[in-house]
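Note that the numbering runs from 1 along the sequence shown for the chain. Just so it is clear, the model here is predicted, and its values are computed rather than measured.
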Amino acid sequence: DNSMHLRDWQEAERRLKKAASLASTTDYDVNEGLARFFQNVGRQDEALKYSIRALKAEPLSSGASGALLIAYENKGQLADADAELVDCTS
């Protein structure tokens, strides 16, 4: 989506939420996209929510695990980030 590259955050959020409304709540791509979007705009609570959903959708995905790790770090939840790092490397 070009709106993310252009940093048109309102349009990017509108498009991502539209995609989410058309997809299942267990759709990895939609949840991962929303997680990364919310990380980029500093909305860490929402980033964490969608990172958890993405990882539940694709438990073996290193991308989902990395997004969750970053979400925990951005919220200052370093113990949770450390636990996720151990989980994804074991």
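In this structure, Asn31 contributes its side chain and Thr25 its backbone to a donor-acceptor pair below 3.5 Å.
Rounding to the nearest 0.5 Å places CD of Glu73 at 8.0 Å from CG of Asp82.
Inter-residue side-chain proximity for Asn74 and Gln39 is flagged as met; some heavy-atom pair is nearer than 4.5 Å. Contact annotation: the side chain of Val30 approaches that of Leu34 to within less than 4.5 Å [non-hydrogen atoms, C-beta and beyond]. Side-chain contact between Phe37 and Tyr50 is absent, with no heavy atoms from C-beta onward closer than 4.5 Å. The shortest side-chain heavy-atom distance between Gln10 and Asp8 falls under the 4.5 Å cut-off. Residues Ser51 and Glu32 have side chains not in contact (no heavy-atom distance under 4.5 Å, counting atoms from C-beta outward).
In terms of hydrophobic clustering, with Ile, Leu, Val, Met, Phe, Trp and Tyr side chains grouped at heavy-atom distances under 4.5 Å, Leu48 and Phe38 are assigned to different clusters.
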Donor-acceptor pairs under 3.5 Å, side chain of residues 57-69 to any protein atom, not counting sequence neighbours: which ones?
unit_1: Ser61; atom_1: OG; unit_2: Tyr28; atom_2: OH; d: 3.2
unit_1: Ser61; atom_1: OG; unit_2: Gly63; atom_2: N; d: 3.2
unit_1: Ser61; atom_1: OG; unit_2: Ala64; atom_2: N; d: 3.0
unit_1: Ser65; atom_1: OG; unit_2: Glu84; atom_2: OE2; d: 2.5

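A search for salt bridge (charged side-chain N to carboxylate O under 4.0 Å, His left out) contacts involving Lys17 returns Glu13, not counting sequence neighbours.
The neighbour count for Lys75 NZ, taken as heavy atoms of other residues, nucleotides or ligands under 6.0 Å away, is above 12.
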Any chance you could lay out the salt bridge (charged side-chain N to carboxylate O under 4.0 Å, His left out) test for Glu46 and Lys49, step after step, and finish with the verdict? CA-CA 5 Å; Glu46 291 160 293; Lys49 171 185 168 181; over 6 Å; no
